[in-house]
Structures are given as C-alpha cells and as structure tokens.
Colleague: 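Structure incoming, see below.
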Amino acid sequence: MLVVTYNVNGIGARLDALLDYLEQRKPDVVCLQELKAPQEKFPESAIREAGYHAIWHGQKSWNGVAILTRDGPAQELQRGLPGDPADEQSRYIEAVYQGLLVCGLYLPNGNPAPGPKFDYKLAWMERLIARGAALIETGAPVVLCGDFNVIPTGLDAYKPERWVDDALFRPETRAAFERLMSQGWLDALRSMYPDQVVYTFWDYFRNAFGRDAGIRIDHLLLSPAVAPALRGAGVDRFQRAKEKPSDHAPTWIEIDPGAIVQPKHPR
DNA sequence: ATGTCGCTCTCTGAGCGA
C-alpha cells in the first residue's frame with residue numbers, strides 16, 4: 001500500500017500536476033495540504049474521474065487538507081485538530097481506510113518568530129502532542145503525516161546555520177517535535193535512511209531545487225502497530241522537477257497491509 | 001534583505017502568507 005503526503009501549494013494551480021502524479025504513481029492514499037481553496041472549490045469531480053475518492057476540509061485563501069483514496073472511500077473520523085474550539089484554520093483531517101488510521105496535517109509555519117504566529121504554532125503542537133498520545137494509546141495502526149513545518153535535525157537542512165532563528169528549526173519547535181516522537185512514533189523516512197540527506201521542500205527562489213538547497217519538513221510518522229509493516233519510503237523528486245511544480249515534493253511510504261498489527265480489543 | 005509563487009480583492013497591480 002502506497003501512502004503519500006503532498007503539499008500542493010494551491011489545488012487550483014496544481015490540479016494538472018496532481019492528476020499527472022496520480023496517473024503515474026497510482027498511490028492508494030494521498031494526504032494533501034495547502035489546498036488554498038474554499039470547501040466548494042475543491043475539484044472533486046476531476047479527482048473522482050481520476051479514480052479517487054476524496055474527503056477534504058477547505059478554507060478560503062489559506063491552508064486546507066484532504067485525503068484521497070483509490071480503492072473505496074475513507075471513513076472520516078475527525079476534521080480539525082481537537083483542543084481549541086476557537087481555532088478555525090483547516091489543518092487536520094483523520095480517517096480510516098482499510099483498517100489504517102490516516103491523519104493528514106498541515107502544521108502552522110510559525111514565522112516570524114518570536115511573535116503571535118509562533119505562539120500559535122507551539123500551541124498547535126501541544127494539541128497535536130495530546131492527539132498523538134490518544135492515538136498511540138488506542139494501539140491502532142496510525143499514519144500521522146503531512147507538512148509538519150519542522151526541520152527535525154541539522155541533517156535535515158542545507159546550511160542549518162541559516163535556519164537557527166526560523167520557526168521551522170528553533171529549539172522550541174524541535175523540542176515539541178521530539179516530545180511527540182517520544183510517544184513511540186517512527187519517522188519512516190529517517191528510519192529508512194539513517195545517515196542520508198533527504199529533502200522534501202525547496203524554495204522557489206534562487207534556484208533552490210537546482211542547487212538541492214532543501215529541507216526535510218514533510219513527514220510520515222508510524223505508530224507501533226504499523227511500523228513493522230514499513231517496506232520502503234522515499235521522495236518523488238521528479239514531481240518537483242516538472243513544469244509549474246509545488247515547492248514540496250510528494251513523500252511516500254510503502255507498507256505491507258498484511259503486516260499491520262490490529263489491536264485485539266479495538267475501541 | 002532578497003528571491004518566487006498562489007490566492008484574493010479591488011480589480012490588470014498590491015498585499016499577504018509561505
């Protein structure tokens with residue numbers, strides 16, 4: 001089962017590229033971020049004609065997340081990250097698909113830091129940590145994936161010294177991410193490539209992709225029940241090299257559904 | 001500080017967020 005996370009940076013501008021990708025790779029599950037489209041502007045029919053079911057949480061201008069599935073619809077469990085009823089930003093969606101709990105997220109960027117946007121990022125991460133603990137505690141097989149806007153370590157940035165004051169790499173951000181990870185999540189890409197440089201995002205400016213001046217901020221975290229099913233992982237850089245690309249590349253894992261551990265007493 | 005995109009609005013450029 002191929003599970004992909006892909007920040008499209010505007011579903012309107014990226015529809016052709018997305019359809020091309022679906023045709024080329026035929027992923028089973030795709031978590032999308034940064035739709036930048038209101039709920040009613042999501043191109044549901046074009047995606048259906050491409051052979052995918054979709055659930056999505058749109059928002060005018062900014063944010064927006066979706067989950068696409070190929071072999072049947074996903075059952076939506078949660079829309080919006082719990083913990084703050086006043087938070088109206090569309091950054092989280094959760095669904096069950098073929099026994100797998102798929103959580104797609106678009107974590108706040110948080111720049112400039114310090115400031116109110118950084119405070120919002122850290123507060124959002126606290127809510128994510130609470131959600132992560134609850135998910136792990138069920139024993140369910142969970143893939144928690146998306147654009148985390150977190151550079152976990154210096155290995156994950158071209159010239160990390162340039163990111164020290166950035167909200168994606170500040171100590172508070174990395175510490176919160178480490179607290180999430182300490183719950184028992186497996187960073188799928190890093191586990192497959194322990195020492196290698198792996199980037200998922202390259203700025204549009206200064207020919208960043210051509211120079212491979214990237215960062216790794218799109219992550220797929222696996223709960224203990226799905227970690228043993230991991231068979232492969234990677235970044236589809238070819239998609240970033242196409243015409244009119246997103247600044248992110250699709251990032252993927254291959255899992256063996258037969259190796260997923262289902263809890264004996266599902267709640 | 002800069003660079004380049006995408007989206008929205010008052011509208012064919014400017015502001016904002018990333």
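Letters A, B, ... are given to chains in the order of the sequence lines, protein chains preceding strands, and every chain is numbered from 1.
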Colleague: Whole-Å distance between dC5(B) C1' and N7(A) CG?
Modeller: 12 Å
Colleague: Counting only heavy atoms not in D84(A), do more than 12 fall under 6.0 Å of its CG?
Modeller: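 Atom CG in D84(A) is crowded, with more than 12 foreign heavy atoms closer than 6.0 Å.
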Colleague: Would you tell me if any nitrogen or oxygen in the side chain of K60(A) comes within less than 4.0 Å of OP1 or OP2 on dC9(B)?
Modeller: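 Yes, such a contact exists.
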Colleague: Examine the side chains of Y6(A) and D236(A) and answer whether a donor and an acceptor come within less than 3.5 Å of each other.
Modeller: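 Side-chain D/A pair, Y6(A) to D236(A): absent.
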Colleague: Between residues 106-128 of chain A and DNA chain B, which residues have a heavy-atom gap below 4.0 Å?
Modeller: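 Correct list: Y106(A), N109(A), K117(A).
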Colleague: With sequence neighbours left out, write down each residue that passes ring-ring contact (aromatic ring centres under 6.0 Å, His included) with H248(A), or none if nothing qualifies.
Modeller: F201(A)
Colleague: Mind calculating the distance between CD (Q59(A)) and C1' (dT8(B)) to the nearest angstrom?
Modeller: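 Nearest whole value for this atom pair: 13 Å.
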Colleague: Out of dC5(B), dA18(B), dC7(B), which has the shortest distance to the side chain of F205(A)?
Modeller: dA18(B)
Colleague: Heavy-atom nearest nucleotide on DNA chain B for R206(A) versus D147(A): which residue maps closer to 5'?
Modeller: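 The residue whose closest nucleotide sits nearer the 5' end is R206(A).
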Colleague: Quick one: E243(A) CD to dG6(B) P, roughly how many Å, whole number?
Modeller: 12 Å
Colleague: Specify the separation, in whole Å, of atom CG of D203(A) and atom P of dG3(B).
Modeller: 13 Å
Colleague: Could you tell me how far dC5(B) sits from dA1(B) if I compare only their P atoms? Round to whole Å.
Modeller: 22 Å
Colleague: Find the distance D247(A):CG to dC5(B):P and express it as a whole number of Å.
Modeller: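 Between P of dC5(B) and CG of D247(A): 10 Å.
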Colleague: For the C1' atoms, the ones on dC7(B) and on dT12(B), what distance do you get once it is rounded to whole angstrom?
Modeller: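 After rounding to an integer number of Å, I get 15 Å for this pair.
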Colleague: Mind checking the P distance from dC16(B) to dT10(B)? Whole angstroms is fine.
Modeller: 14 Å
Colleague: Among the nucleotides dG3(B), dT8(B), dG6(B), which one has an atom lying closest to any side-chain atom of S61(A)?
Modeller: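 So the side chain of S61(A) is nearest to dT8(B).
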Colleague: Between K121(A) and N109(A), do the side chains contain an N or O donor and an N or O acceptor separated by less than 3.5 Å?
Modeller: no
Colleague: Taking D212(A) first and then R237(A), would you say they form a salt bridge - that is, a charged N and a carboxylate O separated by under 4.0 Å?
Modeller: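 Salt bridge present between D212(A) and R237(A).
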Colleague: Pick the P atom in dA14(B) and in dG3(B), then give their distance to the nearest Å.
Modeller: 15 Å
Colleague: Is the phosphate of dG6(B) approached by R14(A) (side-chain N or O, under 4.0 Å from OP1 or OP2)?
Modeller: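 For dG6(B), OP1/OP2 do have a side-chain N/O of R14(A) under 4.0 Å.
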Colleague: If I take atom CZ in residue F201(A) and atom P in nucleotide dC5(B), what distance separates them, rounded to the nearest angstrom?
Modeller: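 F201(A) atom CZ is separated from dC5(B) atom P by 12 Å.
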Colleague: Would you mind reading off the distance between N9(A) atom CG and dC7(B) atom C1', rounded to a whole angstrom?
Modeller: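 To the nearest whole Å, that distance equals 10 Å.
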Colleague: Quick check on DNA chain B: between E34(A) and I11(A), whose nearest nucleotide comes earlier from the 5' end?
Modeller: I11(A)
Colleague: Measure the distance from CH2 on W62(A) to P on dC5(B) and round it to the nearest whole Å.
Modeller: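 Distance check: W62(A) CH2 to dC5(B) P gives 17 Å.
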Colleague: Please name all residues satisfying ring-ring contact (aromatic ring centres under 6.0 Å, His included) with F209(A), sequence neighbours left out, ordered by chain then number.
Modeller: W202(A)
Colleague: Are a donor atom and an acceptor atom from the side chains of D218(A) and T251(A) found within less than 3.5 Å of each other?
Modeller: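 Short answer, no.
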Colleague: Are there over 12 heavy-atom neighbours, none belonging to E243(A), within less than 6.0 Å of that residue's CD?
Modeller: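 Not buried by this count: 12 neighbours or fewer within 6.0 Å.
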